[in-house]
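Note that ligands are numbered from 1 as they come in the structure, with each ligand's atoms numbered from 1 the same way. Just so it is clear, the values below take in all heavy atoms, side chains as well, and ignore hydrogens, waters and symmetry mates.
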Amino acid sequence: MSSRTARQIQMVSRPAGMPGQEHFRMVEVELPAPEAGQVLVENRYMSVDPYMRGRMRAEGVYAAPYPLNAPLYGGAVGEVLESGDENLQPGDIVLSQGAWQDRLLTRASRVQRLEPFDPERISLYLGTLGMPGMTAYVGLNRFGEPKEGETVFVSAASGAVGANVCQIAKMKGCRVVGSVGSDAKAEYLNAECGVDETINYRTCGDLTEALRAAAPDGVDVYFENVGGEHLQAALNAMNPFGRIAACGMISTYNDAEPVPGPNNLMLIVGKKVRINGFIVFDHNDMREDFLRDMSGWIESGRVRARETVVEGLENAVDAFLALFSGDNFGKMVVKL
Ligand code: NAP
Ligand code: FER
């Protein structure tokens, strides 16, 4: 093994329902030395994210599907080992789209050099200071438009996106209700993130009733991460002129066949609800504001950034699958 030996996880077949180890394989390749304009990067952390399940389908919506038998991609933070580019030096910490591999050769123009505010916490650039944190910031501010005193309902509320939504909404003076899949996650949101009410959707019984009890004045903003029953309950509890920031619907991502949706979509009309789907990558105009605000909030302790760290590339598929069973607590990252 040389310092240019790379291990990569590749997809060998497309999953129909829940993915499993059988859809992936690990391969070892020998990378060439970087040419002019290229860098060799050794990853320190890679991200696993729900959107990756979408990329495993044959038909992409806004982005090309993952190829078969070739390296996958996704957010990663690593260190430059060798550089053929004058703007990057060995030792530089960079953000790339080179997840699912421990080392990669890439064009220098495709990585972003980071000046981490805390070199011990570079994984934050995959979470609260990265794509999921920015998703929370963009979705809540631009599409939820919460006003002081309003009630914000967040699903998958303790996750990489959700926990940031909850904490930003609290700073805006909102009453926040979070839905999660365990009592430990609920306790964390209450105790550490200032969330007013939590619902454990696995044990609460009827979700609409639980939400009405947790949000007696109704829901003004629903930050949608889960879909299905959560969307149905949110519409039932929504106030007139409520806003839904439609960020994701993770409960549907592993459906092999489409399942029937909420039975109450007509409420969108009578309640004059505004639903906005959005993809974070379309909102780079907010990036500077996001980074300034979020780094300040993390440094001052106003935003907590909890992570689940899984060790080893060989465990990356399990880490990814854990997103769908709720085994992650906060942002899931793989330490390489
Ligand atoms: P995450 O919340 O850190 O992890 C996923 C969580 O979803 C799990 O921990 C689990 O938490 C919950 N979950 C999984 N399956 C579920 C089910 N069947 N029913 C209810 N809850 C379920 O993931 P994330 O990265 O923050 O992503 C959250 C959502 O944002 C996803 O829908 C994702 O696709 C979306 N997203 C969208 C954009 C965009 O640009 N639009 C960008 C990033 C993320 P519990 O234990 O609480 O169930
Ligand atoms: C995500 C879920 C879905 C996400 C993007 C998508 C960036 C895009 C879906 C589509 O194109 O249909 O978490 O994060």
**Report entry** ligand 1 to Gly181 polar contact by distance, N or O atoms, under 3.5 Å
**Finding:** yes
**Report entry** ligand 1-proximal atoms of Lys331, by part, heavy-atom distance under 4.0 Å
**Finding:** neither
**Report entry** Stepwise ring pair (Phe, Tyr, Trp, His ring centres under 6.0 Å) test for Tyr66 and Tyr73
**Finding:** CA-CA 8 Å; Tyr66 281 148; Tyr73 56 84; 4.9 Å; yes
Query - Ring-face cation contact, Phe329 with Arg306, 6.0 Å cut, 45° max - result: yes
Query raised in the report: Nearest protein heavy atom to atom 2 (O) of ligand 1, by residue and atom, and its distance?
Result: Gly159 CA, 3.3 Å
Query - Interfacing atoms of ligand 1 (cut-off 4.0 Å, heavy-atom, Ile250) - result: 5 (C), 7 (O), 13 (N), 14 (C), 15 (N), 16 (C), 22 (C), 32 (O)
Report task. Sort out for me which residue in Glu30, Glu79, Glu42 forms a salt bridge (charged side-chain N to carboxylate O under 4.0 Å, His left out) with Arg103. Result -> Glu42
Report task. Measure from atom 2 (C) of ligand 2 to every heavy atom in Tyr253, Phe278, Phe281 and give the option owning the shortest one. Result -> Tyr253
Query - Min N/O separation Asn225 to ligand 1 under 3.5 Å - result: yes
Query - Side-chain heavy atoms of Cys174 within contact of Glu148, under 4.5 Å - result: no
Requested in this report: Return a yes/no value for His230: is any of its N or O atoms, backbone included, closer than 3.5 angstrom to an N or O of ligand 1?
Outcome: no
Query raised in the report: Would you say Gln89 and Val80 make side-chain contact, with heavy atoms under 4.5 Å?
Result: no
**Report entry** Pair Arg243-Asn276, side-chain donor/acceptor within less than 3.5 Å
**Finding:** no
Report task. Using a strict cut-off of 4.0 Å, indicate which atoms of ligand 1 neighbour a heavy atom of Val180. Result -> 47 (O)
Query - Ser158-ligand 1 polar pair, N/O distance under 3.5 Å - result: no
**Report entry** Under 3.5 Å side-chain donor-acceptor pair for Ser251 and His230
**Finding:** no
Query - Tyr125-Tyr45 aromatic ring centre distance below 6.0 Å - result: no
**Report entry** Closest protein heavy atom (residue, atom, distance) for atom 26 (O) of ligand 1
**Finding:** Val161 N, 2.7 Å
**Report entry** Any Phe281 heavy atom less than 4.0 Å to ligand 1
**Finding:** no
Query raised in the report: Between the side chains of Arg107 and Gln38, does any donor sit under 3.5 Å from an acceptor?
Result: no
Requested in this report: Would you check if there is a donor-acceptor pair between the side chains of Thr308 and Asn328 at a distance under 3.5 Å?
Outcome: no
Report summary line: Note: ligand 1 atoms sitting under 4.0 Å from heavy atoms of Gly326 are 8 (C), 9 (O), 10 (C), 46 (O)
Query raised in the report: Of all the non-hydrogen atoms in the protein, which one sits nearest to atom 11 (O) of ligand 1, and at what distance?
Result: Lys185 NZ, 3.5 Å
Report task. Can you sort out which atoms of ligand 1 are near Met249, meaning under 4.0 Å from one of its heavy atoms? Result -> 32 (O)
Query raised in the report: What is the nearest protein non-hydrogen atom to atom 23 (O) of ligand 1, stated with its residue, atom name and distance?
Result: Pro50 CG, 3.5 Å
Query raised in the report: Can you list the ligand 1 atoms lying under 4.0 Å from a non-hydrogen atom of Met131?
Result: 42 (C), 43 (C)
Requested in this report: Output the list of atoms in ligand 1 that are nearer than 4.0 Å to some heavy atom of Val280, sorted by atom number.
Outcome: 39 (C), 40 (O)
Query raised in the report: What residue and heavy atom of the protein are closest to atom 4 (C) of ligand 2, and at what distance?
Result: Tyr51 CB, 3.2 Å
Query raised in the report: Tell me, which protein residue and heavy-atom name are nearest atom 5 (C) of ligand 1, and how many Å apart are they?
Result: Leu323 O, 3.5 Å
Requested in this report: Check each heavy atom of Thr135 against ligand 1 and say whether those closer than 4.0 Å belong to the side chain, the backbone, both or neither.
Outcome: side chain
Query - Atoms of ligand 2 close to Ile279 [distance to a heavy atom under 4.0 angstrom, numbered from 1] - result: 5 (C), 6 (C), 8 (C)
Query raised in the report: If you draw a 6.0 Å radius around CZ in Arg55, do more than 12 non-hydrogen atoms from other residues or ligands fall strictly inside?
Result: yes
Query - Contact (N/O only, under 3.5 Å) between Phe278 and ligand 1 - result: yes
Report task. Go through the side-chain N and O atoms of Thr208 and Gln232 and say whether any donor and acceptor fall under 3.5 Å apart. Result -> no
Query raised in the report: So which protein heavy atom does atom 15 (N) of ligand 1 come closest to, and at what separation?
Result: Phe324 O, 3.6 Å
Query raised in the report: Any non-hydrogen atom of Phe329 lying under 4.0 Å from ligand 1?
Result: no
Query raised in the report: Which protein non-hydrogen atom lies closest to atom 10 (C) of ligand 2, naming both residue and atom, and how far is it?
Result: Tyr62 CD2, 3.5 Å
Query raised in the report: Can you find an N/O atom of Ala160 closer than 3.5 Å to an N/O atom of ligand 1?
Result: yes
**Report entry** Candidates Tyr137, Phe143, Phe290 - the one meeting ring-ring contact (aromatic ring centres under 6.0 Å, His included) with His283
**Finding:** Phe143
Query raised in the report: Should you measure from each heavy atom of Ser251, which atoms of ligand 1 turn up under 4.0 Å away?
Result: 17 (C), 18 (N), 19 (N)
**Report entry** Same cluster (ILVMFWY, side-chain, under 4.5 Å), Tyr51 and Phe24
**Finding:** yes
Query raised in the report: Any side-chain donor paired with an acceptor under 3.5 Å for Asp183 and Asn200?
Result: yes
**Report entry** Proximity to ligand 1 by part of Val226, non-hydrogen separation under 4.0 Å
**Finding:** side chain
Query raised in the report: Going by atom types alone, do Gln21 and Asp318 pair a side-chain donor with an acceptor below 3.5 Å?
Result: yes
Requested in this report: Mind running side chain to side chain donor-acceptor pair (under 3.5 Å) on Glu28 and Thr5 for me, showing each step along the way?
Outcome: CA-CA 7 Å; Glu28 209 170 272; Thr5 308; 5.4 Å; no
Query raised in the report: Are Phe153 and Phe223 near enough that their ring centres are under 6.0 Å apart?
Result: no
Query raised in the report: Can you tell me the protein heavy atom closest to atom 34 (O) of ligand 1 and the distance?
Result: Tyr253 OH, 2.7 Å
Requested in this report: Measure from atom 4 (O) of ligand 1 to every heavy atom in Asp255, Val48, Asn328 and give the option owning the shortest one.
Outcome: Asn328
Report summary line: closest protein heavy atom to atom 12 (O) of ligand 2 is Val61 CB, 3.2 Å
Query - NZ/NE/NH1/NH2 to OD/OE distance under 4.0 Å, Glu150 and Lys172 - result: no
Query raised in the report: Do any N/O atoms on Asp49 end up under 3.5 angstrom from N/O atoms on ligand 1?
Result: no
Query raised in the report: For atom 21 (N) of ligand 1, which protein heavy atom lies nearest, and how many Å away is it?
Result: Tyr201 OH, 3.3 Å
Report summary line: So for Cys247 against ligand 1, with non-hydrogen atoms under 4.0 Å, the contacting part is both
